[in-house]
Amino acid sequence: MLNKKVMTITSSNKLSYRDAFMLIIKRDLTIAFRHRDDILNPIIFFIIVVTLFPLGIGPEASTLSRIAPGIIWVAALLSTLLSLDNLFKSDHNDGSLEQMLLSPHPVFILVLAKIIAHWLVTGLPLIFIAPILAVLLHLNENSYGALMLTLLLGTPVLSLLGAIGVALTVGIKKGGVLLSLLVLPLYIPVLIFATSAIDTSAMNLPYSGQLAIIAALFFASLTLAPFAVSAALKVSTN
Amino acid sequence: MWKWLHPYANPEVTYHFTGKILPWFVALTVITLSTGLVWALLFAPADYQQGDSFRIFYIHVPAASLSMGIYVGMAVAAFCSLIWQLKLADASAAAMAPVGAVFTAIALLTGSAWGKPMWGTWWIWDARLTSELILLFLYLGVIALHNAFEDKNLAGRAASILTLVGVINIPIIKYSVEWWNTLHQGSTVSKLGKPSMTIDMLWPFIFCFLGFALLVTTIICIRFRTEILARNSIRPWVRNLVILENK
């Protein structure tokens with residue numbers, strides 16, 4: 001029903017850019033909440049991966065608190081990667097992606113709306129769960145603020161950069177492994193600066209420098225990634 | 001002004017043109033690379049601190065700069081193929097990717113072979129080493145994307161987008177030693193006017209660098225030609241070529 005509305009409305013010229021943007025977000029959120037598994041599975045995966053580390057490394061508090069930032073961030077990367085598949089796949093399969101590309105609205109806006117909706121259902125929950133997992137990993141008390149802030153600025157970057165990879169592989173049948181090969185190298189800078197910020201905060205030093213770099217990555221990818229995504233989608237849908 | 005360039009958009013013309021210049025590149029490569037390597041490995045003076053192990057640099061530095069250079073070349077080709085839809089630009093990008101990946105791997109391997117006696121470790125998570133490793137992953141991603149599509153034109157366009165996204169890594173590698181100031185030393189050769197190397201060491205280096213650059217050009221040229229043939233295999237001129245070959 002809502003899908004149909006999107007198709008009919010995006011093909012008319014009367015809709016303002018903001019309305020189109022909000023409509024796509026609303027549609028994607030509705031679809032996501034009707035398939036709750038797609039939201040819950042990456043989160044459960046995130047929790048399970050984090051709990052595997054203390055079991056594998058041993059429950060020593062000093063070791064765990066030393067590696068906690070890295071574990072939480074790597075788990076966040078992997079669970080984002082896992083959830084990326086949903087971003088364009090179903091739309092590509094049922095043809096609504098092509099309708100969006102054909103619509104008179106700039107693809108930039110529609111793509112940005114889809115990525116934001118994706119972040120709202122996959123990135124945002126991680127930020128709320130991370131502090132609880134950080135308690136389990138004995139994260140240094142001074143680091144909670146840094147953990148939350150880096151996740152808040154960093155997970156949107158993961159969604160934005162990941163969208164490029166998904167857009168490139170959406171037309172390929174076995175795109176899953178290829179997707180991780182394409183996307184993970186692009187994630188490395190975020191990982192480096194985020195964990196470095198958390199480590200610095202544990203020593204009670206200012207970490208605004210690393211945070212500023214993550215923010216720069218965020219704004220650069222926010223403005224540039226949708227262009228790459230729309231170009232890639234045009235290649236994939238051909 | 002650009003008129004002289006237009007004929008080369010035709011695969012047939014480019015194929016014959018590269019066929020004509022290829023022997024020159026082969027000859028130049030053999031001359032410069034053999035002179036450079038023999039001079040560098042046998043006759044150049046040993047370093048007063050590092051002894052003979054510094055000779056690895058005659059391979060390491062050219063490989064590392066060429067790994068970045070090939071990526072930039074690939075990005076220019078990707079840009080041209082996306083903007084002007086040049087099919088030959090796609091073919092050249094596809095020809096460059098594996099060569100670049102191999103040179104990145106050579107740079108990493110020779111670097112760690114030097115790092116073991118000098119830094120006391122095969123590997124260290126230094127900014128330049130890490131960013132060079134990311135470069136290797138980017139090359140592998142581009143190659144994988146080239147192979148993932150049945151349709152070579154689609155593959156070329158998809159890989160072009162990924163290549164352009166990855167360009168951001170090049171300045172990070174180039175300036176990593178200046179920005180982070182970690183273990184990897186700064187550049188010694190390209191300081192304008194005053195290289196911090198003696199002339200005895202510099203000349204063999206110049207020969208080695210030119211030799212490796214020409215080697216890359218030769219390999220890419222050969223790969224580019226086969227790439228053209230593979231993509232145009234149904235065209236009559238390729239068939240005629242095969243018939244001529246078999247006569």
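Quick note on labels: first sequence line is chain A, next is B, and so on, each numbered from 1.
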Atom pair CD1 (A/I188) and CG (B/N169), whose distance is rounded to the nearest 0.5 Å = 8.5 Å
ask   = Which bit of B/L145 comes within less than 4.5 Å of chain A, counting heavy atoms only: side chain, backbone, both or neither?
value = both
inquiry  = Quick check for you: to the nearest 0.5 Å, what is the distance between A/L186 atom CG and B/L162 atom CG?
reply    = 6.5 Å
ask   = Of the backbone (N, CA, C, O) and the side chain (C-beta and beyond), which part of B/I161 lies under 4.5 Å from a heavy atom of chain A, both, or neither?
value = side chain
task = Measure across A/K234 and B/R157 and return the closest heavy-atom pair with its distance rounded to 0.1 Å.
result = O-NH2, 4.3 Å
query = What closest approach, in Å, do A/V235 and B/L154 show between heavy atoms, and which atom pair accounts for it?
reply = O-CD2, 3.2 Å
key: B/K87, NZ atom: more than 12 neighbouring heavy atoms under 6.0 Å   = no
inquiry  = More than 12 heavy atoms of other residues, nucleotides or ligands under 6.0 Å from CZ of B/R225: yes or no?
reply    = yes
message = Which atoms of A/L168 are under 4.5 Å from chain B, going by heavy atoms: the side chain, the backbone, both sets, or neither?
response = both
inquiry  = Looking at chain A, which one of B/T130, B/I134, B/V142 has the largest number of heavy-atom pairs inside 4.5 Å, strictly under?
reply    = B/I134
message = Around atom CD1 of B/I143, are there more than 12 heavy atoms from other residues, nucleotides or ligands closer than 6.0 Å?
response = yes
query = Should we count CG of A/L205 as having more than 12 external heavy atoms under 6.0 Å?
reply = yes
key: Shortest non-hydrogen separation from A/A228 to B/V165 and the atoms involved   = CB-CG2, 4.2 Å
request  = Please name the pair of heavy atoms, one in B/G141 and one in A/L182, separated by the smallest distance, quoted to 0.1 Å.
outcome  = O-CD2, 3.4 Å
inquiry  = Does A/F45, at its CZ atom, have more than 12 non-hydrogen atoms belonging to other residues, nucleotides or ligands within less than 6.0 Å?
reply    = yes
